[in-house]
S.K.: 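Handing you this structure, nothing more for now.
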Amino acid sequence: MSSYFYNVKNWIGKHERKLSSLALFSGFVIDALTLRRIDNLYENAVFLSYFLIIGFSIIAINYVEAGKYTREWVGRTYPFLLLLIQFSFGGIFSGFSIFYFRSGSLLSSWPFIVILLALIIGNDSMRKQYERLVLQVSFLFVALFFFTIFAVPVVLNNMGPVIFILSGVVALVLVTGFVYFLWCLVPERVVGSKRYLVYSILSIFLVINLLYFTNLIPPIPLSLKNSGVYHSIERIGDKYIAEEEQHSGLSALQVFEDVHVGKGQPLYVYSAVFAPTNINVTVVHNWKRFNSEINRWVSISRIPYTVIGGTDRGFRGYTNKLNLEEGKWTVNIETDRGQVIGRVTFEVVYNDEPQQLVERVL
């Protein structure tokens with residue numbers, strides 16, 4: 001048995017880089033295939049299982065580092081623990097990014113995608129860094145904070161600045177309790193890192209709050225499922241029937257797709273916004289036009305409507321506007337305090353000739 005562990009350990013050491021990348025990639029793939037919506041029991045069970053694995057791995061790694069094990073086989077599990085914690089962190093962060101990637105709004109998903117990319121890019125050295133308690137706890141706190149941002153609004157059926165602050169407080173309490181438990185088991189590992197742990201956790205707490213209150217991260221747990229600009233929209237039963245121009249495939253590559261209208265004709269912007277069950281929020285369509293004279297976007301009108309949570313495909317709604325001037329337009333789908341969930345961009349081109357329109361069921 002000892003020779004078996006020795007051979008496996010050597011094999012892991014030889015293929016460390018590949019295994020580290022595989023650990024992160026596997027977590028991403030598993031989440032992509034299994035995760036659907038944040039307020040489902042299964043999704044929360046997946047995240048909680050990741051947290052249990054991470055917590056166990058941190059405790060076991062520091063227990064081994066402190067040399068407190070008496071059985072030889074415990075020490076041999078060390079290389080496996082480093083891979084296990086890397087897999088779990090990769091899975092939990094990718095899980096957050098996947099929810100927003102599926103929303104169809106890169107603007108909403110960029111903070112989580114950046115975290116995932118940072119993990120993958122730094123993968124060559126990350127495995128050794130996981131031996132450090134400060135990094136372990138810092139990553140755990142980031143994961144806990146992102147999770148409570150989802151979980152607390154779902155539990156309280158509400159969201160907003162106060163709920164966000166409460167989410168951060170819950171994450172602080174959880175990570176403090178974990179560090180205290182770790183201190184009871186291996187005090188020498190915690191005492192030596194106490195100052196750096198406090199600095200790191202408080203810095204992360206302040207940075208995430210700064211990003212939230214400056215509207216640089218999306219209004220979690222809302223997400224955009226679908227959106228578009230149309231010449232007409234009519235609700236028939238539970239369906240929305242829309243008419244849009246017939247564009248070529250290449251037009252989808254345009255940032256500002258041409259929309260041809262006659263002077264005085266309206267345009268409609270449609271959006272489907274997902275919110276967890278029992279959470280009802282006000283969403284605003286903020287119509288903006290680019291003013292080339294002052295070289296900036298100018299808000300023309302803000303049209304609110306209420307989103308009712310719990311629908312898988314998102315709560316559907318639309319707004320319209322008459323007499324749009326020619327030029328570039330963007331309609332931000334945002335909360336009533338200005339947090340952007342997603343956006344629709346297009347360029348208005350005057351054309352009195354009737355356009356060939358195609359019908360689409362939304």
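Because the structure is a prediction, the values reported are computed rather than measured.
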S.K.: Test of understanding: clusters of I, L, V, M, F, W, Y form through side-chain heavy atoms closer than 4.5 Å, transitively. Do L172 and Y199 belong to the same one?
M.R.: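 No.
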
S.K.: Locate the shortest heavy-atom distance separating E293 from N291; write the atom from each residue and the value.
M.R.: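 Closest pair (atom of E293, atom of N291, distance): N-OD1, 2.9 Å.
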
S.K.: Quick check: do N226 and Y270 have side-chain heavy atoms less than 4.5 Å from each other?
M.R.: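 Heavy-atom side-chain distance check passes, below 4.5 Å.
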
S.K.: Given the rule in the side-chain contact (heavy atoms from CB on, under 4.5 Å) test, do V259 and L324 qualify, once you have shown the distances and angles that lead to the verdict?
M.R.: CA-CA 11 Å; V259 180; L324 285 84; over 6 Å; no

S.K.: With a 3.5 Å cut-off and no angle check, do the side chains of Y196 and S138 form a donor-acceptor pair?
M.R.: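 S138 and Y196 do not have a side-chain donor-acceptor pair below 3.5 Å.
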
S.K.: In the structure I gave you, are the side-chain heavy atoms of L144 and F178 within less than 4.5 Å of one another anywhere?
M.R.: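 No - every pair of side-chain heavy atoms lies 4.5 Å or more apart.
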
S.K.: Tell me whether L210 is reachable from V340 by hopping between hydrophobic residues (I, L, V, M, F, W, Y) whose side-chain heavy atoms are closer than 4.5 Å.
M.R.: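 Not linked; separate clusters.
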
S.K.: Working to the nearest 0.5 angstrom, can you tell me the gap between Q265 CD and Y350 OH?
M.R.: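 It is 10.5 Å, given to the nearest 0.5 Å.
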
S.K.: Ring centroids only, cut at 6.0 angstrom: are F47 and F150 within range, meaning strictly under it?
M.R.: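 F47 vs F150: aromatic centres not under 6.0 Å.
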
S.K.: Can you confirm whether F181 is buried at CZ, in the sense that more than 12 heavy atoms of other residues, nucleotides or ligands lie under 6.0 Å from that atom?
M.R.: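 Incorrect, the count does not exceed 12.
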
S.K.: Work out which heavy atom in N158 is nearest to a heavy atom in I279; give both atom names and the distance.
M.R.: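 Shortest heavy-atom contact: N-CG1, 4.0 Å.
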
S.K.: What distance separates I54 CD1 from S88 OG, expressed to the nearest 0.5 Å?
M.R.: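 If I round to the nearest 0.5 Å, the distance is 5.0 Å.
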
S.K.: So, do V269 and S227 sit near enough that their side-chain heavy atoms are less than 4.5 Å apart?
M.R.: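 When only atoms from C-beta onward are counted, S227 and V269 do not touch, as no gap falls below 4.5 Å.
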
S.K.: Got L222 and T335 here, is their nearest side-chain heavy-atom distance under 4.5 Å?
M.R.: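 Yes. Closest side-chain heavy atoms under 4.5 Å.
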
S.K.: Contact between N295 and F290 at the side-chain level, heavy atoms closer than 4.5 Å - yes or no?
M.R.: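 Of all side-chain heavy-atom pairs linking F290 with N295, at least one is under 4.5 Å.
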
S.K.: To the nearest 0.5 angstrom, please state how far the CG atom of N62 sits from the CG atom of L182.
M.R.: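 Output value for this atom pair is 5.0 Å.
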
S.K.: Say whether, by atom type as modelled, one donor and one acceptor occur between the side chain of S49 and the main chain of V46 under 3.5 angstrom.
M.R.: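 Between the backbone of V46 and the side chain of S49 there is a qualifying donor-acceptor contact (under 3.5 Å).
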
S.K.: Count I, L, V, M, F, W, Y as connected when their side-chain heavy atoms are under 4.5 Å apart, and connections chain through other members. Are L133 and V186 then in the same cluster?
M.R.: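 In one cluster: yes.
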
S.K.: Would you say the side chain of V261 lies within less than 4.5 Å of the side chain of N351, judging by non-hydrogen atoms?
M.R.: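 No, every pair of side-chain atoms sits at 4.5 Å or beyond.
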
S.K.: Could you measure the distance from the CG atom of N320 to the OH atom of Y230? Nearest 0.5 Å is fine.
M.R.: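 Result: 15.0 Å between the selected atoms.
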
S.K.: Looking only at heavy atoms, what is the nearest atom pair of G309 and N280, with distance?
M.R.: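 That would be N-OD1, 3.4 Å.
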
S.K.: With ring centroids as reference points, do H285 and Y305 lie under 6.0 angstrom apart?
M.R.: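 Judged by ring-centre distance (under 6.0 Å), H285 and Y305 do meet the cut-off.
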
S.K.: Does the pair F213 and I165 meet the rule for a side-chain contact (heavy atoms from CB on, under 4.5 Å), with working shown?
M.R.: CA-CA 10 Å; F213 286 102; I165 293 173; 3.9 Å; yes

S.K.: Do V179 and L174 share a hydrophobic cluster, counting only Ile, Leu, Val, Met, Phe, Trp and Tyr and linking them when any side-chain heavy atoms are less than 4.5 Å apart?
M.R.: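 As far as the 4.5 Å side-chain criterion goes, L174 and V179 are connected within one cluster.
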
S.K.: Return the orientation label for the F346 and W287 ring planes: parallel under 30°, perpendicular over 60°, tilted otherwise.
M.R.: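 Judged by the thresholds at 30° and 60°, the geometry between F346 and W287 is perpendicular.
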
S.K.: Please report the closest heavy-atom contact between P219 and Q339, naming both atoms and the distance.
M.R.: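 For P219 and Q339, the tightest heavy-atom pair comes out as CB-OE1, 3.6 Å.
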
S.K.: Tell me which pairs pass side-chain hydrogen bond (donor to acceptor under 3.5 Å, both in side chains) where either residue lies in residues 322-331, with sequence neighbours left out.
M.R.: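 Residue pairs passing side-chain hydrogen bond (donor to acceptor under 3.5 Å, both in side chains), neighbours aside: none found.
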
S.K.: When rounded to the nearest 0.5 angstrom, what is the spacing between CG in L48 and CD1 in I53?
M.R.: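 If I round to the nearest 0.5 Å, the distance is 11.0 Å.
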
S.K.: Taking E244's backbone N and O only, do any of them form a donor-acceptor pair with R360's side chain (distance below 3.5 Å, no angle check)?
M.R.: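 No, R360 side chain to E244 backbone: no donor-acceptor pair under 3.5 Å.
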
S.K.: Would you say R316's side chain and D238's backbone share a donor-acceptor pair under 3.5 angstrom?
M.R.: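 Flag set: sc R316 to bb D238 pair under 3.5 Å.
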
S.K.: Taking salt bridge (charged side-chain N to carboxylate O under 4.0 Å, His left out) as the definition, give me every residue that meets it alongside E334, ordered by chain and number, with sequence neighbours left out.
M.R.: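 Salt bridge (charged side-chain N to carboxylate O under 4.0 Å, His left out) list for E334, sorted by chain: R302.
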
S.K.: Might you point out which heavy atoms bring F89 and Q136 nearest each other, and give the distance in Å?
M.R.: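 What the structure gives for the nearest pair is CZ-O, 3.8 Å.
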
S.K.: Between CD of E243 and NE2 of H231, what distance do you get to the nearest 0.5 Å?
M.R.: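 Answer rounded to 0.5 Å: 9.0 Å.
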
S.K.: Quick one: are V298 and K288 in side-chain contact, heavy atoms under 4.5 Å?
M.R.: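 No; the side chains remain at least 4.5 Å from each other.
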
S.K.: Are W183 and V198 connected, step by step, through hydrophobic side chains (Ile, Leu, Val, Met, Phe, Trp, Tyr) whose heavy atoms are closer than 4.5 Å?
M.R.: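 As far as the 4.5 Å side-chain criterion goes, V198 and W183 are not connected within one cluster.
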
S.K.: Which residues satisfy the ring pair (Phe, Tyr, Trp, His ring centres under 6.0 Å) test with F205, sequence neighbours excluded?
M.R.: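 For F205 the ring pair (Phe, Tyr, Trp, His ring centres under 6.0 Å) partners, ignoring immediate neighbours, are F145.
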
S.K.: Nearest heavy-atom pair of V307 and A275: which atoms, and what distance?
M.R.: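 Answer, listing the atom of V307 first, then A275: CG1-CB, 4.3 Å.
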
S.K.: Should F164 and N209 be marked as a side-chain contact (heavy atoms from CB on, under 4.5 Å) after you check the CA-CA gap, both sets of side-chain angles, and the distance that decides it?
M.R.: CA-CA 8 Å; F164 183 87; N209 274 273; 3.5 Å; yes

S.K.: Find out whether L357 and E245 are in side-chain contact, i.e. whether some heavy atom of one side chain is under 4.5 Å from a heavy atom of the other.
M.R.: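 Yes; the side chains approach each other to less than 4.5 Å.
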
S.K.: Is the positively charged end of R235 above the ring of Y268, judged by distance under 6.0 angstrom from the centroid and angle within 45° of the axis?
M.R.: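 No.
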
S.K.: Quick one, T176 with Y180, criterion side-chain contact (heavy atoms from CB on, under 4.5 Å). Give me CA distance, side-chain angles, the key distance, then yes/no.
M.R.: CA-CA 6 Å; T176 301; Y180 176 77; 5.6 Å; no

